[in-house]
There are 2 protein chains.
Amino acid sequence: MVKITEVARHAGVSPSTVSYALSGKRPISEETRQRIEDSIRELGYRPHAGARALASSRSNVLALVVPLRAGIHVPVVMRFAVSVVTAARRHDHDVLLLTQEEGEDGLRRVADTALVDALIVMDVQLRDGRLPLLRTLDRPSVLIGFPAEPAGLTCIDLDFEAAGELCVEHLAGLGHRVIALVGSPPEVYVRETGFAQRVVRGYTAAADRNGVASSVHPCEAEPAAARQLAERLLRERPALTGVVVHNEPVLDPLIDAFQSLGLRVPGDLSVTAICPDELAGRVRVPVTSIAIPADEVGAGSVELLMKKLGGTPVPEATLLPPRLTVRASTARRTTA
Amino acid sequence: MVKITEVARHAGVSPSTVSYALSGKRPISEETRQRIEDSIRELGYRPHAGARALASSRSNVLALVVPLRAGIHVPVVMRFAVSVVTAARRHDHDVLLLTQEEGEDGLRRVADTALVDALIVMDVQLRDGRLPLLRTLDRPSVLIGFPAEPAGLTCIDLDFEAAGELCVEHLAGLGHRVIALVGSPPEVYVRETGFAQRVVRGYTAAADRNGVASSVHPCEAEPAAARQLAERLLRERPALTGVVVHNEPVLDPLIDAFQSLGLRVPGDLSVTAICPDELAGRVRVPVTSIAIPADEVGAGSVELLMKKLGGTPVPEATLLPPRLTVRASTARRTTA
DNA sequence: GAATGACGTCGAAGCGCTTCGACGAGGGAA
DNA sequence: TTCCCTCGTCGAAGCGCTTCGACGTCATTC
C-alpha cells in the first residue's frame, strides 16, 4: 500500500503539503500541486479511509436507515436509496445501509463509533421512538417524512397536504362535486405515519373549501379489497364522479373494478393518484397523478446534511411542492 | 468521547488489556474481564471505528453493489440487500451501499482506500467488465449470480438451470406434452445476464429429456406484451397445456390474458413460475412456483465472505437447490 | 525603510486503537 | 529442583493521516 509519505518523497515535499494539496485547506503553489498530482497518479496513491477518519474525525460516510415494513412501497424506497447514494457521492461521501430492524441501537452505534458523520432516516412515524435519540446524538440527521413534533429536527418530504389539496382542486376544477379518497391500508393510519394523514387533511380541507362532498376510505393493498371497495362506493355514494387514490398496489385493481362494474374512466369517473410516475403510466388507464419526487427528496436530504456538516443553518422543514401531471384518467364532469 | 485509556484507568488495567478483553484475542481472567465490562457500561464506551480500522486494518464494513437497471425486479433486490445487512450484522459488520452506476471505479475506490474489507456484487453479467478487477483486488469478493468464466471467483445463486428443469419435470409429471417458456425481456438476454439463459438451458434440456415439445418466448415487462404473447401462443401452439413464466411483472397480466381468452387455469392450462413467493401468492390464481431464495442468497454470500476473510477456503460455486411450491395453477392434464 | 500580512511550506504532535514482545507467576514434566 | 510452558497482563510502538504552529519570502503600506 502506497502512503502519503511516499507520495511526499516522490514529489519532493513534506507529507503535510500533500495533505493540503489534497484537501485544499491551505494554499499550495500551482507548480507544487501539479507535481504532487503527478506523483499521486504515478504511484497510484489512495488515502486510507480509516486513517483519514481518525485524524480528521470525519468518516465521509452517511447512514441511511431504510424501512422494510408492510405497507410501504419497495420500489420507491429503492429510488430514495439510489438518489441518496448518488447525491452523497457528489459530495465525496459514501452511504452505510441500516435496516429499520436495527432500530435505535443501530443509530446509536454508528453515531457513537464515529462510523458515520450524519444520518438520514426514512419512514418517520408521527411519534417516532427514534426522535429523542436523534435530538441528543452529536451528529446531524435529516428525516425523510414529518413527525408530529419536528421541533429541533430537520425534515424533508413531499408536501403531502398540498398534494391532497391539489388532487381535489383538480377534480373540483373539472366540475366534480362528489369525491372519495382511497387511502392506505388501515395499519398505516394506526401506525400514525405522517404522510398518509397529511393527505387526508389536505384532501378534506380542500373539499370543504370547494363545497365538494368528500369521504375517506382506507383500503388493504389487495386486489380483492379494491374490488369490494369499488362496489361499496357505487352502492353507498351513487353520485360519485371523482376518486383520489393514495395506495399504489390498489390503483390498477381499483380502476379495473370500476370498469368491470360498468363505469368508464374518465367518462363516468375521474381518477387521480398520488404515486410514483412510473406506476401512473403503467396502469390500464394512464392516471393523472402527483409523483413522489424520490430523487428530489433523496438528493435534498443529502444537501441538507452537507450544509449541517458545514455548519450552515438549515430550515427545520423542507416541503417539496406537489406537481400534478394530467393524464387520461380525469375529465370534465359530464352533467348528464 | 470516552476512549479506551479512560476505560482502562477506570478498570485499573492497561489499555491493551481492555482491547484484548474486547477482541478475545488473548486470554483474560474472568474477574478482570468482568471489571472491564462494568467500566465500559458505566462509562458508555464505544470504540472509534476509524481508529480501529487504522490499527487493525479491518474496517468491518462490506460493500454491496446493487443494480438499478431496467428489467430487474426491485423488490427482490431490496430483499437481497436487507438479508445481506442482517447477516452482516450477525458478524459485527456493516454494509456500504454502492450503485451499479459507480461501476469499476467505485469498487476500486472502496477497496483501495480500505473503506471496506470485502465486496458483494449483485447482478453479474455473463461477461462482466468488473470481473478482471475483482480478481486483482486485494480484498475478497462474492458474486451473486454466475458469469461465463467464474474461475478464480466466488459465486452464489439459485441454481436457475435446475429451476428450469424442475418446472418442466413438474409439468411433465402432470402429463403435459406441449409447453412454453415465457422469459424475461429481450434485453436481458442480449445483456447476457446469466440466470435468464440458465433457465432456458435447464428448461430445454428437461423438455428434450422428457419428450416434451417446448418453445421459448422473451417478453417485455408490459401487460400489453403479455396479452399479445398469450394470443400468439394460442394461435401458434394450439396444443399448449403448460407454461413456465420467468418474468415477474408479466405473470399476472399473462394469466389474465389467458383467462379472458377463454382458457381456465389450471383446467386448460397449467402455469408455473420462477418468482418471489410473495408474488406467486398474490396473483389472481396462486401460482405453483420456484421461489427466488433472496434471504438464503444474501445470507450465504455474507457467510462466504466471512470465511474468506477468516482465511478459510470456500467453493467457487454455490448453487442453491430450487424448491417448488405447488399452488393452484397447475393440474394434471385432462386428456380431452 | 520598517512594519504588516499573505503565501507556501515544513516539522511534529497527535487522532484512538491494536498488536508485538516481554515478563512475572504458577503448574507439570523430567 | 530445574526447566519449560501457559496464563494474564503491561508498555511501547506504530497504523496513515490531518492539523497546528512556525518560519522564510515577498509584496504592500505608510
Side-chain angles (χ1 to χ4, degrees), chain A residues 1-37 39-40 43-61 92 109-117 138 309, chain B residues 1-37 39-40 43-61 92 109-117 138 309:
Chain A
M1 181 193 201
V2 27
K3 46 185 88 164
I4 201 171
T5 51
E6 300 173 32
V7 175
R9 196 177 322 125
H10 189 273
V13 296
S14 78
S16 52
T17 303
V18 176
S19 179
Y20 285 123
L22 245 31
S23 69
K25 291 190 178 170
R26 284 201 184 171
I28 298 289
S29 71
E30 188 45 41
E31 178 207 335
T32 308
R33 178 200 308 291
Q34 197 52 58
R35 209 146 24 89
I36 291 174
E37 277 173 15
S39 298
I40 287 178
L43 301 178
Y45 167 68
R46 294 283 202 166
H48 186 287
R52 201 179 257 239
L54 177 56
S56 67
S57 44
R58 277 295 170 85
S59 66
N60 276 34
V61 174
D92 198 32
R109 183 173 57 79
V110 296
D112 287 354
T113 60
L115 222 195
V116 307
D117 295 334
D138 59 339
L309 284 171
Chain B
M1 179 193 202
V2 29
K3 45 185 89 165
I4 201 171
T5 50
E6 300 172 34
V7 174
R9 195 177 323 124
H10 188 274
V13 296
S14 79
S16 52
T17 303
V18 176
S19 178
Y20 285 124
L22 245 31
S23 69
K25 292 190 179 172
R26 283 200 184 171
I28 298 289
S29 71
E30 188 45 42
E31 177 205 336
T32 308
R33 176 199 310 291
Q34 196 55 56
R35 213 150 17 91
I36 291 175
E37 277 172 16
S39 298
I40 287 178
L43 301 179
Y45 167 68
R46 294 282 202 170
H48 186 287
R52 202 178 255 237
L54 177 56
S56 67
S57 46
R58 276 297 171 84
S59 66
N60 275 35
V61 174
D92 198 31
R109 182 174 56 81
V110 297
D112 287 354
T113 60
L115 223 196
V116 307
D117 295 335
D138 59 338
L309 283 171

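Note on naming: letters A, B, ... go to the chains in the order of the sequence lines (proteins, then strands), and numbering restarts at 1 for each one.
- For the OP1/OP2 pair of dT18(D) and a distance below 4.0 Å, the side-chain nitrogens and oxygens of Ser56(A) include no atom meeting the criterion.
- In this model, the phosphate group of dG11(D) is not approached by any side-chain N or O of Tyr20(B) to a distance below 4.0 Å at OP1 or OP2.
- Considering only heavy atoms from C-beta on, Val13(A) stays 4.5 Å or farther from Ile28(A) through its side chain.
- Atom pair Leu22(B):CG and dG16(C):P shows a separation of 16 Å (rounding to whole Å applied).
- How far CZ of Arg35(A) is from CD1 of Ile40(A): 12.5 Å, rounded to the nearest 0.5 Å.
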Mind running side-chain hydrogen bond (donor to acceptor under 3.5 Å, both in side chains) on Thr17(A) and Ser14(A) for me, showing each step along the way?
CA-CA 5 Å; Thr17(A) 303; Ser14(A) 78; 3.2 Å; yes
Run Leu309(A) and Arg58(A) through side chain to side chain contact (heavy atoms under 4.5 Å, CB included) and show every step you take.
CA-CA 10 Å; Leu309(A) 284 171; Arg58(A) 277 295 170 85; 4.2 Å; yes
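- Nucleotide dT18(D) holds its C1' atom 12 Å from the CG atom of Leu54(B), rounded to whole Å.
- Atom CZ in Arg9(B) sits about 13 Å away from atom P in dG11(D), given to the nearest Å.
- The nearest whole Å value for the distance from the NE2 atom in His48(A) to the P atom in dG16(D) is 7 Å.
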Quick one, Arg33(B) with Glu30(B), criterion salt bridge (Lys or Arg N to Asp or Glu O under 4.0 Å). Give me CA distance, side-chain angles, the key distance, then yes/no.
CA-CA 5 Å; Arg33(B) 176 199 310 291; Glu30(B) 188 45 42; 3.7 Å; yes
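- Of the two residues near DNA chain C, Pro47(B) and Pro15(A), the one whose nearest nucleotide lies more 5' is Pro15(A).
- Note on Thr17(B): every side-chain N or O is 4.0 Å or more away from OP1 and OP2 of dT9(D).
- For Ile36(B) and dT18(C), the CD1 to P distance is 12 Å, given to the nearest whole Å.
- The only option from Gln34(A), Glu6(A), His10(A), Arg9(A) that meets the side-chain hydrogen bond (donor to acceptor under 3.5 Å, both in side chains) definition with Ser39(A) turns out to be His10(A).
- Regarding Ile4(A), its CD1 atom lies at a distance of 11 Å from the P atom of dT19(D), rounded to whole Å.
- Remark: P of dT18(D) and CZ of Arg58(A) are 13 Å apart, rounded to the nearest angstrom.
- Using a 4.0 Å cutoff on non-hydrogen atoms, the parts of residues 24-35 of chain B near DNA chain D are Arg26(B), Pro27(B), Ile28(B), Ser29(B), Thr32(B), ordered by number.
- The shortest distance between the side-chain N/O atoms of Arg52(B) and the OP1/OP2 oxygens of dG16(C) is not below 4.0 Å.
- Side-chain to base pairing of Ser14(B) with dG11(D): no donor and acceptor N or O lie closer than 3.5 Å to each other.
- In this structure, the side chain of Ser59(A) engages the main chain of Leu115(A) through a donor-acceptor pair within 3.5 Å.
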